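Side-chain atoms are counted along with the backbone in the values below, which use heavy atoms only and exclude waters and symmetry mates. For clarity, every value in this text was computed on a predicted model and none was experimentally measured. Labels below follow one simple rule: chain letters A, B, ... track the order of the sequence lines, proteins then strands, and each chain is numbered from 1.
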2 protein chains.
Amino acid sequence: METTPTSKRKPTIRDVAAAAGVSRGTVSRVINGGHWVSPDAKAAVDQAIKTTGYYANAAARSLATGRSNSVAFLLTEPQHLLFADPTFSLLLRGAAQELSQRHMTLVLLVAGTPEEHVNVAQYLGAGHVDGVLLISSHESDPLLESLIATGVPTVACGIPLGHASDMPTVSVDEIVSARTATRHLVERGNQRIGMITGPADTPGGRYRLVGFREELGDNFDPNLVEPGDYSMASGAAAMAALLERAPDIDAVFAASDSMAAGAVGVLRKAGKRIPEDVSVIGFDDSGLALTVEPPLTTMRQPFEQISSEMVGLLLHVIEGGTSKSVTLPTSLVVRDST
Amino acid sequence: METTPTSKRKPTIRDVAAAAGVSRGTVSRVINGGHWVSPDAKAAVDQAIKTTGYYANAAARSLATGRSNSVAFLLTEPQHLLFADPTFSLLLRGAAQELSQRHMTLVLLVAGTPEEHVNVAQYLGAGHVDGVLLISSHESDPLLESLIATGVPTVACGIPLGHASDMPTVSVDEIVSARTATRHLVERGNQRIGMITGPADTPGGRYRLVGFREELGDNFDPNLVEPGDYSMASGAAAMAALLERAPDIDAVFAASDSMAAGAVGVLRKAGKRIPEDVSVIGFDDSGLALTVEPPLTTMRQPFEQISSEMVGLLLHVIEGGTSKSVTLPTSLVVRDST
DNA sequence: GTCAAAACTGTGACCGGTCACAGTTCTATC
DNA sequence: GATAGAACTGTGACCGGTCACAGTTTTGAC
């Protein structure tokens with residue numbers, strides 16, 4: 001302990017007030033924008049803050065104001081899927097950035113196991129955060145109920161199945177996007193088009209399949225549909241199943257880039273050339289798309305915009321504004337896999 | 001608004017006390033373990049908590065106890081590198097899991113830009129978290145100084161250059177690991193072994209090169225070393241540079257799997273077969289290693305253990321315990337790229 | 001020179017918990 | 001049946017801010 005300048009307890013607003021020769025109230029005013037305080041007083045306080053090394057105590061402030069200036073980024077996936085999906089990372093990065101610009105903090109909450117569910121419910125109930133960014137939600141998720149019950153402001157990414165109108169959402173038009181992807185394959189002349197879907201209890205899992213089916217119309221063959229869970233491994237497994245059931249398959253639409261990447265691996269091992277023998281299109285444009293050989297054609301989701309819109313909406317609701325939902329467009333990115 | 005049970009303000013400990021017919025103190029005791037309270041009183045309080053829907057207010061508790069029951073997961077990389085590196089995700093997941101088991105919360109802080117640096121310093125200064133998990137630190141990082149200055153308990157991942165003894169750390173033996181990787185290539189009979197290093201101002205960037213050089217001894221050729229920044233793109237660029245400078249290169253050791261993956265892409269495009277023409281070994285075993293074709297031989301870092309040790313050490317320091325550092329072993333995982 | 005409004009400042013109450021301490025009841029022991 | 005100690009309970013002070021309000025000074029218009 002050669003250096004012991006940390007010996008004393010942290011300075012409080014009273015210490016600063018004393019040092020500056022003013023009252024607590026004046027110091028508080030300076031901290032919060034400095035309106036209605038004389039230049040002299042402000043200068044003295046600024047100086048005192050510097051010399052004392054003062055930081056406003058977060059807990060005390062929260063207690064007094066009822067605001068915490070932080071929001072939760074809530075993931076409800078089982079752990080092993082969480083970070084496998086680059087989608088989350090993109091949203092996380094975007095949200096963190098957007099929030100930090102507004103001097104708010106992102107608290108990452110993971111509610112994978114039932115045990116964690118109660119932890120999280122407790123945490124949110126304790127008023128630890130001002131709002132919640134709900135990232136992935138499966139149908140009839142119990143957490144959704146308790147979120148609605150506690151009344152904490154929430155914005156969902158994608159429209160939670162069964163709770164379409166319970167909270168503001170930011171989403172892409174799944175059906176239109178899926179139709180665009182499917183049409184792209186049709187226009188390329190593919191005849192036997194398969195699909196690897198996401199879980200049926202997620203909006204992306206359900207509605208991308210709807211779009212796929214709608215676009216194919218009479219050519220839709222339920223035998224060419226295989227479910228996955230968005231992970232690369234599940235994409236590989238699904239592709240293997242499809243290949244076995246329908247060796248003549250000449251194109252596949254995967255509901256995520258990860259699954260598309262898994263599918264590509266299987267196809268290559270099976271001796272198929274991409275796109276000559278089988279075309280592959282993914283969904284997300286998650287950065288992974290470029291690392292696959294060949295680079296994936298995919299439906300680009302505007303993640304930057306999604307996270308920024310989510311934060312914007314959430315803050316608006318927190319401030320007491322009325323809630324509304326936003327739908328953003330996707331775009332087809334053609335690369336070498338089709 | 002068909003259901004409006006959320007109308008009234010949240011119940012406080014006083015409401016619970018009143019409902020249970022006991023005092024605030026007794027309620028507080030029940031919440032915190034229930035010692036020294038009669039079974040009758042405890043039952044009444046438990047019941048009252050349920051009927052009122054009470055949750056202890058986090059801010060009030062923090063203010064009174066001086067603890068926040070949350071720790072920061074602090075990243076200091078520029079944004080674009082952050083989530084490209086799967087390493088972070090692994091550590092994040094591990095830490096979140098470990099903390100949630102102890103009913104603590106993980107707060108993700110990103111300090112990429114200088115502006116974010118001051119935000120973060122402020123946040124930490126405000127006592128918002130009980131401790132900090134410092135993930136990636138470049139030499140002479142200003143944030144490091146302010147961390148040390150504010151005296152907030154911190155545990156670093158990897159030994160921060162220039163601050164070796166200023167805080168507890170959890171790390172792997174970089175030099176030994178790099179020697180093991182290099183020896184593997186030598187034992188395979190490779191003669192012209194190159195290396196793609198990490199940034200020289202990070203411990204992994206510096207010491208993995210040291211190990212590489214030590215192991216090669218007189219066979220070390222500085223011409224076969226090219227720096228990267230751990231990203232896939234930088235790995236590709238470095239590999240291209242090496243290939244141009246030394247077309248006879250027959251093996252390459254990359255300081256991360258991401259860079260190895262980038263290198264593999266370039267090698268394949270250059271018509272090199274892996275491992276017949278050029279062997280590639282990575283570092284991390286980050287999950288990416290398995291997605292590369294061929295699957296990467298790599299040095300496995302025990303991320304699960306690293307994050308769990310970090311959390312353990314940090315909590316120990318927070319509780320006032322003495323600090324110590326931990327070094328964990330890596331292991332060679334041989335796959336098809338060597 | 002008067003007076004009202006604007007600009008500035010200080011004070012006490014309050015946010016919702018925890019904690020130390022004092023007070024009460026219950027048990028066990030001699 | 002007195003007494004010590006353990007088990008249990010309630011009270012007031014306190015954590016460190018914010019806020020409403022009251023009080024003081026300055027400004028400007030007539």
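For the contact set between residues 44-63 of chain A and DNA chain C, defined by any heavy atom under 4.0 Å, the members are Leu63(A). A heavy-atom distance below 4.0 Å to DNA chain D is reached by these residues of residues 24-41 of chain B, ordered by number: Arg24(B), Gly25(B), Thr26(B), Arg29(B), Trp36(B), Val37(B), Ser38(B), Ala41(B).
Rounded to whole Å, atom P of dC14(C) lies 19 Å from atom CD1 of Ile13(A). Nucleotide dG16(C) holds its P atom 9 Å from the CG atom of Asp15(B), rounded to whole Å. In this structure, the CZ atom of Arg67(A) is 18 Å from the P atom of dG17(D), given to the nearest Å.
Contact between the side-chain N/O atoms of Thr12(B) and the OP1/OP2 oxygens of dG16(C) is not found at any separation under 4.0 Å.
The line from CZ of Arg61(B) to CG of Leu63(A) is 13.0 Å long, rounded to the nearest 0.5 Å. Atom CG of Leu313(A) sits about 9.0 Å away from atom OG of Ser308(A), to the nearest 0.5 Å. Note: Thr327(A) OG1 to Glu309(A) CD = 10.0 Å, rounded to the nearest 0.5 Å.
A salt bridge links Arg67(B) to Glu319(B): one of the charged nitrogens lies within less than 4.0 Å of a carboxylate oxygen. Asp46(A) and Lys50(A) are not joined by a salt bridge, as no carboxylate oxygen comes within less than 4.0 angstrom of a charged side-chain nitrogen.
Contact detail for Asp130(A) and Gly66(A): the closest heavy-atom pair is OD1-O, 4.4 Å. Closest non-hydrogen pair, Phe88(A) versus Phe73(A), comes out as O-CZ, 4.1 Å.
A donor-acceptor pair shorter than 3.5 Å cannot be found between the side chains of Asn69(B) and His103(B). With 3.5 Å as the limit, one finds no donor-acceptor pair spanning the side chains of Ser62(A) and Ser68(A).
Across its full length, the helix from dG1(C)-dC30(D) to dC30(C)-dG1(D) shows an angle of 30° between the axes of its 5 terminal pairs at either end, rounded to 10 degrees.
Partner of Val311(B) under the side chain to side chain contact (heavy atoms under 4.5 Å, CB included) criterion, out of Leu99(B), Ile306(B), Val170(B): Leu99(B) alone.
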